Amino acid sequence: MTAKDLILIADDDEDINAFVETNLRLEGYEIVKAADGEEALQIAYDRLPDLILLDVMVTKVNGYEVCQRLRSDTRTRNISIVMLTAGSLSADRVVGLTAGADDYLIKPFDPVELVARVKTALRRSKEMRSINPLTQLPGNVQLQDEVSKHIAAQEPFAVMYIDLDHFKPFNDHYGFLRGDEAIKLLARTAGDAINSHAVSKRFLGHVGGDDFIAIVEPEVAEDVARQVLASWDQHLPDLYDKDDFENGYIEVEDRQKRMHRFPLCTVSIGIASNQERPIQSHWQASEIASEMKSYAKREPRSAYATDRRKQP
């Protein structure tokens, strides 16, 4: 069972509290309430809610200060905050947004608007938490949603698992800043290839480290893969010192002070699609693509492998 989103309501108006709680519980959310700003801060630190509905005029510590404190604390800075205000002046809204609020609701608000704003704020919050800060690409949450969407619609799609080979010794040898440049280069080459060939399905996600997942139409997946490999090989000299690139390897010292040679970074891509056999879940799609990527890694150069097995 999927865990319910936890929403903290911080408002000292009992009628507003009851109105908001009733409508959000009907939507399946878990609710916790705070009667003043101090209690809201304590609950936020203890429970780490997914969303906070925060009244501007809440007592003891006002809403603006509560918002600023939450944003300045590493534990709570990414919690989505919607300010509740009785003032319709633009200055009130500007102050709330400046304090760090993601959105605002002007009292009185109707249930439809309340639920819509809450759903939007939660969706944005989940997406932002999943965005990779290095490449600004979506992560696992959006990937799962994207694959599940295509499966539910019974649409043809291909999942591409894109991975760097020999990245760890490269990162150890040149340092993490040069390693970051390699990851960003792979993100750019993959994005350019997808935009060049894909039509209606253009998803590229960064699932961590040097691993990327793309979703495209099955008929263009291999064209995308070929362009990624060609572009990577073309830009590879930019990542290495001239002597290392001309040698075709780098030398890295291990913990016992012994030197080891490692080949230049290559790209391996595994492709899985539901064109020949059904894919029932994002787990299955990832498993097949990962298996194909392992086959591609057997090549000494950049390579891709496509699953062509048919349904028995």
Side-chain angles (χ1 to χ4, degrees), residues 2 119-120 122-164 183-235 267-297 302-311:
T2 304
K119 288 182 176 179
T120 299
L122 284 168
R123 186 184 70 248
R124 286 176 182 167
S125 177
K126 290 175 182 176
E127 288 175 354
M128 288 306 297
R129 285 201 296 266
S130 184
I131 293 292
N132 187 284
L134 176 63
T135 58
Q136 296 300 302
L137 290 173
N140 286 313
V141 173
Q142 290 96 318
L143 168 64
Q144 293 175 16
D145 290 345
E146 196 73 16
V147 174
S148 298
K149 179 180 70 177
H150 294 312
I151 291 173
Q154 297 184 329
E155 297 174 343
F157 67 93
V159 171
M160 305 176 64
Y161 195 150
I162 306 169
D163 183 30
L164 280 180
I183 291 173
K184 288 191 285 188
L185 173 61
L186 183 57
R188 287 196 301 272
T189 58
D192 290 345
I194 291 169
N195 289 332
S196 297
H197 297 283
V199 179
S200 61
K201 296 177 179 63
R202 292 182 177 181
F203 178 87
L204 177 62
H206 187 179
V207 295
D210 56 323
D211 293 346
F212 294 82
I213 297 288
I215 300 174
V216 297
E217 296 91 352
E219 60 270 18
V220 304
E222 293 192 354
D223 291 333
V224 171
R226 282 189 284 267
Q227 182 173 329
V228 171
L229 304 186
S231 182
W232 174 263
D233 291 343
Q234 178 185 349
H235 290 94
V267 176
S268 295
I269 302 175
I271 302 174
S273 81
N274 61 351
Q275 210 169 28
E276 300 292 343
R277 57 172 174 161
I279 291 178
Q280 307 293 347
S281 69
H282 66 273
W283 300 112
Q284 184 186 8
S286 177
E287 182 180 347
I288 297 171
S290 180
E291 182 185 5
M292 291 301 103
K293 183 195 67 172
S294 297
Y295 281 109
K297 281 182 176 292
S302 293
Y304 70 88
T306 303
D307 180 35
R308 304 189 189 281
R309 292 169 292 186
K310 298 182 182 293
Q311 177 73 12

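In this text the structure is predicted, and so the values were computed from the model without any measurement.
- With L143 as reference, V147 is the one residue of V141, V147, D145 to meet the side chain to side chain contact (heavy atoms under 4.5 Å, CB included) rule.
- At least one side-chain heavy atom of R277 sits less than 4.5 Å from a side-chain heavy atom of I288.
- Closest heavy-atom contact between A303 and A296: O-CB, 3.7 Å.
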Verdict with reasoning, F212 to L137, per side chain to side chain contact (heavy atoms under 4.5 Å, CB included):
CA-CA 9 Å; F212 294 82; L137 290 173; 3.7 Å; yes

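- Under the 4.5 Å side-chain criterion, counting only non-hydrogen atoms from C-beta, D307 is not in contact with S273.
- Nearest heavy atoms, W232 versus S302: CD1-OG, 4.0 Å.
- Of the inter-residue distances, the one linking E287 atom CD with S290 atom OG reads 8.0 Å to the nearest 0.5 angstrom.
- In this structure, Q275 and P156 have side chains that are not in contact, with every pair of non-hydrogen atoms separated by 4.5 Å or more.
- Geometrically, K201 does not engage F157 in a cation-pi contact, judged by NZ or CZ lying under 6.0 Å from the ring centre and within 45° of the ring axis.
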I'd like to know whether M292 forms a side chain to side chain contact (heavy atoms under 4.5 Å, CB included) with I271, so could you lay out the CA-CA distance, the side-chain angles of the two residues, the decisive distance to 0.1 Å, and finally the verdict.
CA-CA 6 Å; M292 291 301 103; I271 302 174; 5.8 Å; no

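- Here the side chain of D211 pairs no donor or acceptor atom with the backbone of Y161 at under 3.5 angstrom.
- Contact of the Q142 side chain with the F203 side chain is registered, since non-hydrogen atoms from C-beta on lie closer than 4.5 Å.
- Counting non-hydrogen atoms of neighbouring residues, nucleotides and ligands closer than 6.0 angstrom, the CD atom of Q136 exceeds 12 such neighbours.
- Between H206 and I183 the shortest side-chain heavy-atom distance falls below 4.5 Å.
- Partners of T120 according to the side chain to side chain contact (heavy atoms under 4.5 Å, CB included) rule, which considers only residues two or more places apart in sequence or in another chain, are R123, R124.
- Across every non-hydrogen atom of A158 and A221, the tightest pair is CB-CB, 3.9 Å.
- Contact of the I213 side chain with the I162 side chain is not registered, since no non-hydrogen atoms from C-beta on lie closer than 4.5 Å.
- From I151, atom CD1 reaches atom CD of Q280 across 7.0 Å, with rounding to the nearest 0.5 Å.
- Closest heavy-atom contact between S231 and T189: OG-CG2, 3.2 Å.
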Let me see the working for H197 and V216 under side chain to side chain contact (heavy atoms under 4.5 Å, CB included), right down to the final yes or no.
CA-CA 9 Å; H197 297 283; V216 297; over 6 Å; no

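- Using a 4.5 Å cut-off on side-chain heavy atoms (C-beta onward), V228 and M160 make no contact.
- Residue pairs meeting the salt bridge (Lys or Arg N to Asp or Glu O under 4.0 Å) criterion with at least one member in residues 214-231, sequence neighbours excluded, are E222-R226, E222-R308, D223-R226.
- Among residues two or more places apart in sequence or in another chain, the side chain to side chain donor-acceptor pair (under 3.5 Å) test is passed with E146 by K149.
- Rounding to the nearest 0.5 Å gives a distance of 4.0 Å between NZ of K293 and CG of D163.
- Taking both residues in full, the closest heavy atoms of S148 and H282 are given as OG-ND1, 4.1 Å, listed atom of the first, atom of the second, then distance.
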